[in-house]
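To keep things clear, I will list the structure first and then write my remarks on it.
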Amino acid sequence: MRIARSAAKQSSCKWSISGTFCAMDRRGTNETETLLLQKLCCKITGLPEDVILPVLQHALRIVGSKVDPLVENDEIQVAERIKRRLVRRGRESDAAVFSDLHRKLQSQGVLRNRWSILHLLLSLADSAPKSDNSTSRSGLGSSVFGVGLPSHATSTPFNPALRHLQHPTPGSRDVTSLQSMTHSSGSSGISSIRSDINSNDPTPVPQSFLPVTTFTHVDQDRNSRSTGMRLASTLTDRGTESSLMPRGARTVIESGIPINRGDNTSYELPESELIKDIVYTFQGIDGKWIKFDPSKDAYRIDSQAGIPKAVRQLVGKLAECGWLFKKIKNYVETKTVDKTFGLVGQSFCASLHQELTEYYRLIAVLESQLHQELDQGIGLGFTGLSLRQLFVWTFDPLHRLKTLATVVDGCKGKKGGALSSSVYSYMLHGDPFIASLIKHILTMVAQPIYCTLVRWIYDGELEDTHDEFFVASDPTVKNDRLWHDKYSLRKSMIPNYVTTDQARRILLTGKSINYLRQVCKDTAPIKGREKSIEIDRNNAYVMFMQDTTTEFQNIIDEAYKDTSLHLLDVLHEKYKFLDHLKAMRRYLLLGQGDFIRHLMDLLEEDLAKPAGNLYLHNLTGILETAIRATNAQFDDSDILKRLDVRLLEVSPGDTGWDVFSLDYHVDGPIRTVFTPECIIMYLRVFNFLWRAKRMEYILAMIWKNQISNARMLRAIPELTGILHQCHVLAAEMVHFIQQVQYYINFEVLECTWDELLTKVKEAEDLDYIIAAHQKFLDTVTARCLLDEQSREILTQLRTIFDLVIEFQAAQDNFYSEATQELDVRRCYGHRRERRSKEGNWEVTDEEEEDEQLRRISFLKQIIPSTRARLTVLSQSYQDMVRQFLVMVTTHQDASLRFLSFRLDFNEHYKSKEPKLQSPFMYRGLRHVT
């Protein structure tokens with residue numbers, strides 16, 4: 001027999017029965033295994049061959065069960081158990097003697113299987129005689145053949161259910177056989193099969209709750225009767241009983257479970273019937289007495305069966321395995337056929353199916369146990385399985401099924417990364433075996449995510465048909481918006497074991513690869529790509545075991561740094577990003593001073609015209625002239641080609657100064673940084689700076705006219721007061737514009753520009769450059785009063801600019817009339833001199849009187865009107881400046897508040913403005929800062 005051969009090939013010295021059988025097996029090849037076993041039984045029991053058949057059947061069943069003693073092959077562990085037992089019994093000296101003897105035995109090295117001898121000694125100690133005259137119903141056969149049998153990975157030990165029923169046998173001697181069953185506890189998998197944690201099973205399954213039967217034999221007449229005779233007597237008595245007792249009587253002895261029939265006669269429901277139904281229930285199948293009730297979502301026992309309440313409760317606990325199994329199986333079957341569940345979901349179903357396969361092993365062993373007993377006729381007298389044995393055997397599988405059912409409930413309605421996060425939430429469990437179960441499931445669930453992630457960060461390929469990965473792609477986005485809009489993070493799919501920074505780096509790595517290929521047209525290999533070949537794509541556990549290993553973090557960091565560095569090198573070297581950025585600073589932010597001043601000189605006449613009379617080609621020609629005449633001509637030709645003129649939208653009453661603007665065309669990869677939105681912000685800042693620069697230009701022209709006309713108008717002493725008034729107002733405006741220009745050029749542009757260059761040089765990826773550039777524009781926009789919070793201040797500032805322009809017009813008008821008057825007076829003087837040289841009277845009384853009247857009329861017309869106009873302008877200007885100072889002083893930006901100090905350094909405006917003198921305004925300022 002194959003079973004006997006397997007048992008005979010056990011290399012270790014197990015028990016004396018197995019050792020004897022192995023010795024008999026080496027006698028020769030002519031004798032069959034059955035014949036050898038029969039001879040062994042005759043030798044042990046001392047019975048003749050004609051009556052040995054029941055014992056032989058029992059022996060065949062035991063040998064075929066392939067049961068090992070549930071002890072580890074560990075000599076030290078057995079020795080420690082013996083010493084602990086001696087100490088507990090108060091025999092410390094014996095424990096010391098045993099320890100010394102064991103040490104000497106180890107040093108000799110004569111015996112190789114010392115642990116077997118120690119285990120035998122321990123078993124003999126457990127078999128000490130006791131003064132109990134009770135006999136066992138199950139007989140001595142199981143005590144001899146039911147202890148310490150060889151085990152196998154696919155077999156569950158058979159331990160007969162013990163019924164402590166006293167059954168006196170006529171003519172028998174006083175023999176007492178006390179049998180007690182102890183269960184070695186451990187933690188198991190779905191099946192109650194003993195397995196090593198480091199095995200190749202899908203889920204490591206530790207040692208199971210396997211029942212171990214330990215028998216204590218007490219025989220007062222031990223010396224007169226051999227073990228074989230006691231075994232034969234026991235088996236003979238059991239056979240006699242089975243043959244003499246009617247079936248009904250045997251049923252009464254076998255089980256105490258009644259069933260109510262229609263004739264009110266109490267019948268016994270065999271426990272074996274319930275066990276069969278429970279085995280069916282374990283598989284989610286309705287039995288004869290136990291059926292599934294869909295309305296209550298539970299298994300119910302037939303109400304017609306008069307089963308005791310305690311047994312019903314025990315059956316209900318056992319039926320929970322079937323309910324959990326059915327729940328998990330239904331989820332797996334439903335989701336397996338769902339094509340939209342995705343690869344992560346299918347991996348989750350596959351992991352559940354593997355766990356259920358372990359559970360199927362338990363069911364197969366139980367069914368095999370039942371069938372073997374029925375086939376060999378053992379079930380006629382009693383069953384080898386009991387409800388309590390099943391309860392012990394299914395304790396750990398039940399706990400495991402509960403865990404799986406809990407995970408299934410938590411994962412309902414989820415897929416992809418969200419499903420993986422749900423599974424991961426159960427991993428932080430105090431029970432190491434539950435944590436091991438969740439780790440195994442999570443490893444399979446995370447496998448598709450890990451494979452997709454590796455392909456994304458090394459190849460830039462994204463195959464996510466069912467939207468399970470946390471990187472989303474929009475195929476409708478064109479290449480010019482690839483970096484900003486095509487790829488994004490799907491936050492709901494980011495697993496909990498992947499941090500936000502890791503997810504961002506993963507997104508940037510794959511996005512950089514696609515950006516290089518599709519936008520930059522760069523096909524050069526990226527440094528470090530060869531490492532992707534060495535990565536084991538089956539090590540998905542590195543993602544959620546980051547507390548013990550840094551492999552996942554290292555993979556992300558290396559791929560991120562190599563890809564980002566290659567992208568920045570391409571932008572700087574091939575597309576000259578930094579040169580274009582500096583061109584923006586020089587031309588759109590007025591950093592090229594000589595070019596801007598010469599351009600204003602060339603455009604002054606054209607921009608003074610109405611906006612509708614401007615022609616773009618004329619302005620473009622003037623721009624090219626300014627470039628050739630200044631240091632701008634030494635710039636790169638590609639940069640100069642991108643520089644152009646743009647006319648803004650024309651409003652009624654606008655002049656060329658209001659609609660003129662420079663433009664810088666961008667395309668290709670640099671358009672990713674200089675987006676259309678950024679160009680609009682540049683144009684807004686240019687318009688503001690151009691207007692402020694125009695104020696500086698106008699005041700310079702005003703001062704030039706004052707200097708040139710001051711000496712000339714000395715001939716009209718009556719205009720000295722007006723000239724002084726013009727000089728004072730011009731000085732105030734020059735001071736104001738100079739401080740504003742200083743603030744804009746140095747505190748705003750230069751400081752923020754230096755910060756931008758620093759960040760660009762230390763940038764690790766393109767996103768960092770884009771963010772730094774955007775922050776630069778936002779800061780410039782806010783400090784140039786172009787944001788929503790500074791709208792009122794900007795309006796006030798533009799009003800001041802308008803007053804400067806109005807003052808220029810008033811002064812030019814005054815100088816024009818004064819110059820005309822001066823020319824008339826000069827003509828009058830030249831005429832008098834010419835007449836005097838001719839020998840005539842220089843002037844007649846009538847002409848002199850007319851000249852005096854004309855001069856008086858002129859003075860009366862120009863002095864009061866000009867003085868009034870300048871007075872109104874001066875007063876309006878001072879009022880606007882004071883309001884501007886009030887607004888700036890309470891602004892949140894500290895640099896703007898410092899501007900107020902420079903504008904009113906001598907507190908000239910503060911002395912005239914009550915609000916600036918109020919301490920409450922500065923008290924509130926503390927809360928603002």
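Note that the numbering runs from 1 along the sequence shown for the chain. Heavy atoms only: backbone and side chains are in, while hydrogens, waters and symmetry mates are out.
Residues L437 and L404 are in side-chain contact: their nearest non-hydrogen atoms beyond the backbone lie under 4.5 Å apart. Two residues are said to be in side-chain contact when any heavy atoms from C-beta on lie closer than 4.5 Å; Q502 and Q546 meet this criterion. A heavy-atom distance below 4.5 Å is found between the side chains of H399 and I434. Within the 4.5 Å cutoff, the side chain of L390 has heavy atoms near those of the L366 side chain. Taking 4.5 Å as the limit, some side-chain heavy atom of V311 sits within range of a side-chain heavy atom of V315. With contacts defined as side-chain heavy-atom distances shorter than 4.5 Å, the pair S473/K486 qualifies. Side-chain contact check for V407 versus S422: every heavy-atom pair is 4.5 Å or farther apart. Counting only heavy atoms from C-beta outward, the side chains of K439 and F544 approach each other to under 4.5 Å.
Summarising the local packing, OH of Y426 is surrounded by more than 12 heavy atoms from other residues, nucleotides or ligands at distances under 6.0 Å. Other residues, nucleotides and ligands place no more than 12 heavy atoms under 6.0 Å from the NE2 atom of H353.
A cation-pi geometry, defined here as NZ or CZ lying under 6.0 Å from the six-membered ring centre and within 45° of its normal, holds between K326 and F292. With a 6.0 Å cutoff to the six-membered ring centre and a 45° limit on the axis angle, K415 does not count as a cation-pi contact of F341.
Looking only at distances, no side-chain donor or acceptor of S368 sits under 3.5 Å from a matching main-chain atom of A364. T394 contributes no side-chain N or O that, together with a main-chain N or O of P397, makes up a donor-acceptor pair within less than 3.5 Å. Side chain of E358 to backbone of E355: no donor-acceptor contact under 3.5 angstrom is found. Of the possible donor and acceptor atoms, one in the side chain of S421 sits under 3.5 Å from a partner among the backbone N and O of G417. For H429 (side chain) and D431 (main-chain N/O), a donor-acceptor pair under 3.5 Å exists by modelled atom type. A donor-acceptor contact shorter than 3.5 Å links the side chain of D338 to the backbone of T340. Using modelled atom types, no side-chain atom of D459 and backbone atom of E461 make a donor-acceptor pair closer than 3.5 Å. Within the 3.5 Å criterion, the main-chain N or O of M545 finds no donor-acceptor partner in the side chain of T549. Side-chain atoms of W289 do not come within 3.5 Å of backbone N or O of D277 as any donor-acceptor pair. The backbone N or O of V477 lies less than 3.5 Å from no partner atom in the side chain of D485, so there is not a single donor-acceptor pair.
How far CD1 of I441 is from CE of M427: 11.0 Å, rounded to the nearest 0.5 Å. The OH atom of Y450 sits 14.0 Å away from atom OG of S420, with the distance rounded to the nearest 0.5 Å. The line from CD of Q354 to SG of C349 is 12.0 Å long, rounded to the nearest 0.5 Å. In this structure, the separation between CD1 on I457 and CG on L507 is 12.5 Å, given to the nearest 0.5 Å. Interatomic distance, CH2 of W323 versus CG of L318, reported as 15.5 Å (0.5 Å rounding). The CE atom of M543 sits 7.5 Å away from atom CG of L442, with the distance rounded to the nearest 0.5 Å.
Applying the salt bridge (Lys or Arg N to Asp or Glu O under 4.0 Å) rule to D467 yields the partners R490; only residues at least two apart in sequence or on another chain are considered.
Ring geometry, Y424 versus Y497: the interplanar angle exceeds 60°, so the pair is classed perpendicular (tilted spans 30 to 60°).
In this structure, F325 has its ring center no closer than 6.0 Å to that of F282.
Comment: E320 does not engage K317 in a salt bridge, judged by the lack of any side-chain N to carboxylate O separation of less than 4.0 angstrom. Under 4.0 Å is where a charged nitrogen must lie from a carboxylate oxygen, and between D501 and R505 at least one such pair does. With salt bridges taken as basic N to acidic carboxylate O contacts below 4.0 Å, one links K327 and D409.
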Review point. Can you list the steps and then say if I506 with F470 is a side-chain contact (heavy atoms from CB on, under 4.5 Å)?
Key: CA-CA 10 Å; I506 292 169; F470 54 84; 3.7 Å; yes

Practice item. Go through the steps to decide whether I555 and E551 satisfy the test side-chain contact (heavy atoms from CB on, under 4.5 Å), and finish with yes or no. Key: CA-CA 6 Å; I555 291 174; E551 181 180 350; 4.1 Å; yes

